[in-house]
> 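Got a structure for you, written out below as structure tokens; questions coming shortly.
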Amino acid sequence: MNLTTVTTNLHLDWIATERSVQGRTLLDQLVASRPCLKGATLPQALAEHGPLTSAERHELLTELLELGATQPVALRALVQGLLPGLIGLVRQLGWTKSTVWASPGDLVVDAVATAFEVATSWAGQHRPYAGPDLLSAVRLRLRRHAIAERTARGTALDALPELSDLRGSLTVEEMICGQAIGLDHQTAMVLVGRIVEGFTWQELQQAMGLPLRQIHAIAESGARQLFERCDVAFADTALRGVGE
């Protein structure tokens with residue numbers, strides 16, 4: 001599904017919702033305690049350079065979550081307000097490399113649906129940082145879904161690109177991939193699979209058929225080689241912490 005189509009449909013739906021009786025009632029209620037919002041749409045109110053400070057934006061999202069227990073339209077408003085954050089979140093998940101979702105649009109649809117599920121289950125709660133909390137919960141659920149789907153299809157480390165083709169990845173991945181070329185194949189598979197591709201320890205164990213303790217040892221050895229100028233304990237701890 002095309003990403004532009006998804007986001008456009010969500011914006012159009014919100015415009016209609018905002019103009020409905022329930023939408024106008026909600027906005028009037030929010031404006032009553034925040035006069036600066038008069039005449040503004042919700043996306044404008046929550047924009048980074050909008051009329052609210054960062055703290056006030058957090059308070060608004062918190063109020064929307066609380067109101068959601070009695071006004072379902074508040075949850076729709078909450079998710080619409082978090083749409084830029086949801087798109088940023090799925091970018092961080094690496095939609096261009098996803099084997100679970102067919103397109104970026106499909107991933108955003110799942111993110112929005114998951115946000116509604118979480119918001120509905122939390123409706124009525126007082127969460128001072130409702131926005132970041134909700135985005136964090138969505139990220140965790142999507143990641144778990146991707147891992148479950150990948151496990152169901154079978155972990156395929158054999159499908160990893162040739163190590164010599166891994167140059168050109170970005171930032172930390174570029175460093176890992178570049179250094180991995182000089183490692184033995186087994187060590188490279190563990191490090192690239194773990195850090196670049198995001199496999200869990202259990203997925204690596206299943207794919208390589210080795211005891212978990214041995215895979216940890218391989219990872220530690222690889223970390224020593226990659227980060228030989230850093231504190232080894234730190235490197236090992238950092239490596240073990242990725243993706244937990």
Side-chain angles (χ1 to χ4, degrees), residues 1-93 95 100-101 103-146:
M1 185 179 299
N2 184 276
L3 174 62
T4 302
T5 299
V6 173
T7 55
T8 298
N9 287 342
L10 286 169
H11 286 305
L12 291 175
D13 177 74
W14 172 247
I15 290 173
T17 301
E18 200 170 36
R19 294 174 178 174
S20 68
V21 174
Q22 296 86 353
R24 291 198 302 270
T25 299
L26 173 65
L27 291 176
D28 288 344
Q29 185 175 351
L30 298 175
V31 169
S33 58
R34 301 173 180 83
C36 64
L37 296 184
K38 188 174 180 61
T41 64
L42 186 72
Q44 291 170 342
L46 290 170
E48 185 176 354
H49 301 293
L52 300 178
T53 65
S54 177
E56 289 171 335
R57 290 197 299 272
H58 283 305
E59 291 175 0
L60 177 54
L61 294 172
T62 294
E63 183 175 351
L64 289 173
L65 183 62
E66 292 176 336
L67 292 173
T70 55
Q71 298 176 249
V73 69
L75 299 182
R76 176 66 182 88
L78 174 63
V79 173
Q80 184 68 28
L82 289 176
L83 184 57
L86 290 170
I87 293 176
L89 180 152
V90 296
R91 276 201 178 99
Q92 293 173 9
L93 290 175
W95 64 26
V100 176
W101 292 276
S103 70
D106 290 333
L107 179 47
V108 172
V109 168
D110 267 10
V112 169
T114 303
F116 268 114
E117 291 176 5
V118 176
T120 300
S121 66
W122 289 358
Q125 296 182 21
H126 176 76
R127 288 178 173 264
Y129 296 98
D133 286 352
L134 196 146
L135 291 175
S136 179
V138 170
R139 184 183 188 284
L140 181 60
R141 292 195 182 195
L142 289 177
R143 179 172 171 78
R144 285 177 175 172
H145 172 68

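It should be emphasised that the depicted structure is a prediction, and the values quoted were computed from it without experimental measurement. Values below: all heavy atoms of this structure, side chains included; hydrogens, waters and symmetry mates excluded.
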> State, to 0.1 Å, how close Gly68 and Ala74 come at their nearest heavy-atom pair, and which atoms those are.
N-CB, 3.9 Å

> I want to check something: taking the side chain as every heavy atom from C-beta on, are Leu89 and Leu142 in contact at a cut-off of under 4.5 Å?
yes

> Work out which heavy atom in Val138 is nearest to a heavy atom in Ala115; give both atom names and the distance.
CG2-CA, 3.7 Å

> Of the non-hydrogen atoms in Ala111 and Leu86, which two are nearest, and what is the gap between them?
O-CD2, 4.2 Å

> Is a side-chain N or O of Asn9 found less than 3.5 angstrom from the main chain of Thr5, in a donor-acceptor match?
yes

> Taking side chain as C-beta onward, heavy atoms only, is Thr41 less than 4.5 Å from Leu27?
no

> Can you tell me how far apart CD1 (Ile15) and CG (Leu42) are? Round to the nearest 0.5 Å.
12.5 Å

> For Thr17 and Arg76, work out which heavy atoms get closest and say how close.
CG2-CG, 4.3 Å

> Are the side chains of His11 and Gln80 in contact, using a 4.5 Å heavy-atom criterion?
yes

> Would you please name every residue forming a side-chain contact (heavy atoms from CB on, under 4.5 Å) with Pro84, sequence neighbours left out?
none

> For the CH2 atom of Trp14 and the OG atom of Ser20, what is their distance to the nearest 0.5 Å?
7.5 Å

> Scan residues 53-64 for pairs that pass side-chain hydrogen bond (donor to acceptor under 3.5 Å, both in side chains), counting only residues two or more places apart or in two chains.
Arg34-Glu63, Thr53-Glu56

> Between atom CZ of Arg139 and atom CZ of Arg143, what is the distance when rounded to the nearest 0.5 Å?
6.5 Å

> Does Leu65 reach the side chain of Leu61, with side-chain heavy atoms less than 4.5 Å apart?
no

> Check the pair Leu67, Gln29 against side-chain contact (heavy atoms from CB on, under 4.5 Å), reporting the backbone distance first and the verdict last.
CA-CA 10 Å; Leu67 292 173; Gln29 185 175 351; 3.4 Å; yes

> Rounded at 0.5 Å granularity, tell me how far CG in Leu52 sits from CD in Gln44.
11.5 Å

> What pair of heavy atoms forms the shortest contact from Leu82 to Leu135, and how long is it?
O-CD2, 4.3 Å

> Before you tell me yes or no, could you show the steps for Leu64 and Leu30 under side-chain contact (heavy atoms from CB on, under 4.5 Å), namely the whole-Å CA-CA distance, both residues' side-chain angles and the distance that decides it to 0.1 Å?
CA-CA 9 Å; Leu64 289 173; Leu30 298 175; 4.0 Å; yes

> For a quick test of reading the model, state the closest non-hydrogen atom pair linking Trp122 to Asp133 and the distance between them.
CH2-O, 3.5 Å

